[in-house]
Protein chains: 2
Amino acid sequence: MTISHKIISNISVDCVIFGFDFEKLNVLLVERELVDEKSGRILIKDFTLTGYHIFEDEDLDKAAYRILKDLTGFENIYLEQFTVFGKTDRVSNEKDQIWLTYLNQGFSERILTVGYFSLIDSTKVTLSHNERKIHWFPIDEAHNLEWAFDHKQIFMKALEVLRNKVRTEPIAFELLPERFTLTQLQKLYEAIYGTPIDKRNFRKKIVQMPFIVALKVKQKGVPHKPAQLFLFSREVFEKTKKERLGFLF
Amino acid sequence: MTISHKIISNISVDCVIFGFDFEKLNVLLVERELVDEKSGRILIKDFTLTGYHIFEDEDLDKAAYRILKDLTGFENIYLEQFTVFGKTDRVSNEKDQIWLTYLNQGFSERILTVGYFSLIDSTKVTLSHNERKIHWFPIDEAHNLEWAFDHKQIFMKALEVLRNKVRTEPIAFELLPERFTLTQLQKLYEAIYGTPIDKRNFRKKIVQMPFIVALKVKQKGVPHKPAQLFLFSREVFEKTKKERLGFLF
DNA sequence: TTGCATAGTATATAAAGTACACTAAGTAAA
DNA sequence: TTTACTTAGTGTACTTTATATACTATGCAA
């Protein structure tokens with residue numbers, strides 16, 4: 001069943017999708033290649049965030065969920081709007097204009113884009129490629145990429161907001177499987193902040209948090225001492241909200 | 001000189017303007033009255049934020065600055081975009097629809113609005129009324145007002161963002177005159193957070209902050225012991241950024 | 001049984017936050 | 001000129017939180 005939606009041409013949504021591979025924090029980007037049809041030569045190659053216009057009858061959040069579902073197949077992904085980019089010269093350099101011409105979108109209209117960041121457990125996701133090339137990039141490398149439009153700016157803002165938000169909200173768990181080890185949690189925070197954290201002090205803090213609950217189960221299939229598994233209990237988190245001062249790390 | 005601008009009909013900007021009167025934190029609202037022409041009876045009376053559509057050739061930030069300038073006459077007001085509201089049912093209740101009909105804006109189109117909050121030294125501002133009624137409201141009372149559209153939601157989000165932001169960024173000073181006393185600064189933080197702060201502990205923290213510099217001048221014209229005046233030095237703030245851990249209060 | 005890899009644990013010190021009450025200085029009124 | 005009033009300005013003891021630091025335990029594999 002396909003329903004045709006009317007697109008709102010001057011508003012779009014772009015998603016900065018973060019994933020964690022137990023080592024590094026990564027961002028999901030789409031490779032874009034403009035190939036000269038005659039010579040087969042690559043004219044432009046760069047990377048974009050995943051985004052699309054919103055539909056006339058569609059909430060902003062819903063548009064972002066739709067884009068994520070199309071890309072990953074999942075429905076319940078953590079999503080948060082973080083900023084709007086609406087400068088009149090957002091898409092002004094030569095390269096971007098060649099692209100827009102190619103896509104028949106013309107030059108004139110200014111498109112306001114709403115930035116969302118999303119956190120997904122990348123061990124679950126198998127990317128559905130279609131014809132587009134989609135890759136995870138470590139956030140450290142992302143700075144050196146050739147980006148399309150103002151997407152580098154959007155990405156950097158997303159990273160900044162993420163780094164602030166994980167301090168006070170328990171959103172980092174969205175990047176881990178439901179059951180995780182404390183080492184994995186520590187590596188995640190190290191990856192987000194980009195700095196090492198002391199193991200014993202980290203664990204001392206953890207045991208104060210009633211919402212990180214130890215399971216009776218241990219890791220299996222690892223070639224070393226298996227670690228205890230934990231999970232994040234949102235229920236306990238909400239219950240203990242008033243007692244807390246609000247900070248996690 | 002008037003230049004006619006082409007309006008973008010589906011995008012607007014709304015400003016949540018905060019001011020401080022040395023006692024309470026206030027928000028600037030516009031009173032809206034729909035009067036029946038025949039009977040003279042007031043059909044609807046409620047309050048809105050100040051907002052307007054953006055122009056075709058205008059950056060979002062610029063639109064917000066324009067709205068503030070029109071209202072207050074000032075150009076260099078602190079402004080920050082904090083969120084976008086783009087639900088399809090933003091303006092759906094009966095009252096709002098009566099208004100939109102009255103304004104000849106019709107029912108159908110969904111307007112996406114970008115929320116800005118702004119901080120101004122309200123001792124400087126004399127409101128230029130025109131025909132519209134504009135008032136300061138203490139934020140505590142604002143919850144009980146009759147709000148237009150989804151403006152209450154926008155206001156509450158702005159307040160939340162402000163409360164978080166003043167912890168880490170030196171933006172509160174925008175609400176004070178250039179020269180202020182420590183009691184005024186303390187009262188400001190108390191007004192923003194809605195909780196009392198211990199005077200001696202507050203001042204202990206202040207003296208650690210090199211960017212709050214004591215002037216050689218004292219208050220004049222007060223019927224009691226005059227207080228020392230201070231100012232916020234952005235220069236020193238920037239210089240000492242690396243040494244700080246990032247938190248103010 | 002030995003080596004390897006990662007899990008898991010405690011204590012001492014420094015820094016920051018909290019609770020708390022009196023004296024000082026200027027104005028105004030008696 | 002004395003006194004009352006109002007707000008400014010100050011220090012210390014205690015509690016809590018953050019930081020720095022190194023060894024033993026467990027399971028698997030060779």
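So that the names make sense, note that chain A is the first sequence line, chain B the second, and so on, each numbered from 1.
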What's the [atom1]-[atom2] distance between [X] and [N], to the nearest Å?
X: Arg200(A); N: dA25(D); atom1: CZ; atom2: P; result: 15 Å
X: Lys199(A); N: dT9(C); atom1: NZ; atom2: P; result: 10 Å
X: Phe202(A); N: dT9(C); atom1: CZ; atom2: P; result: 14 Å
X: Lys187(B); N: dT6(D); atom1: NZ; atom2: P; result: 13 Å
X: Gln208(A); N: dT19(D); atom1: CD; atom2: P; result: 13 Å
X: Asn201(B); N: dT12(D); atom1: CG; atom2: P; result: 14 Å
X: Gln219(B); N: dA24(C); atom1: CD; atom2: P; result: 20 Å
X: Ile197(A); N: dA20(D); atom1: CD1; atom2: P; result: 13 Å

Gln228(A) near the nucleic acid: base, sugar-phosphate alone, or nothing, with a heavy-atom cut-off under 4.0 Å?
sugar-phosphate

Test item: Gln219(B) side-chain N/O and Ala227(B) main-chain N/O as donor-acceptor pair under 3.5 Å:
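The answer is yes, because a donor-acceptor pair under 3.5 Å joins these two groups.
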
Using atom types as modelled and distance alone, determine if a side-chain donor or acceptor of Gln228(A) lies under 3.5 Å from a backbone N or O of Leu215(A).
yes

With a 4.0 Å limit, can you tell me whether Thr183(B) has a side-chain N or O closer than that to the phosphate oxygens OP1/OP2 of dA8(D)?
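For Thr183(B), the contact criterion (side-chain N or O under 4.0 Å from OP1 or OP2 of dA8(D)) is met.
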
Hey, does the side chain of Arg203(A) come within less than 4.0 Å of dG8(C)'s phosphate (OP1/OP2), counting only N and O?
yes

Measure from the side chain of [X], starting at C-beta and using heavy atoms only, and say which of [options] lies closest.
X: Lys225(B); options: dA7(C), dT27(C), dA24(C); answer: dA24(C)
X: Lys205(A); options: dA20(D), dA18(D), dA25(C); answer: dA18(D)
X: His224(B); options: dA8(D), dA7(C), dT21(D); answer: dA8(D)

Residue that, paired with Tyr116(A), satisfies side-chain hydrogen bond (donor to acceptor under 3.5 Å, both in side chains) out of Asp14(A), Asp61(A), Thr83(A), Thr50(A):
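Looking at Asp14(A), Asp61(A), Thr83(A), Thr50(A), the match for Tyr116(A) under the side-chain hydrogen bond (donor to acceptor under 3.5 Å, both in side chains) is Asp61(A).
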
Whichever of Lys218(A) and Lys204(A) has its nearest DNA chain C nucleotide further upstream toward 5'
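Per heavy-atom nearest nucleotide, the more 5' residue is Lys218(A).
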
Quick one: sort the Phe117(B) and Tyr78(B) rings into parallel, tilted or perpendicular, breaks at 30° and 60°.
tilted

Say you draw a straight line from NZ of Lys24(A) to CH2 of Trp136(A); how long is it, rounded to the nearest 0.5 Å?
11.5 Å

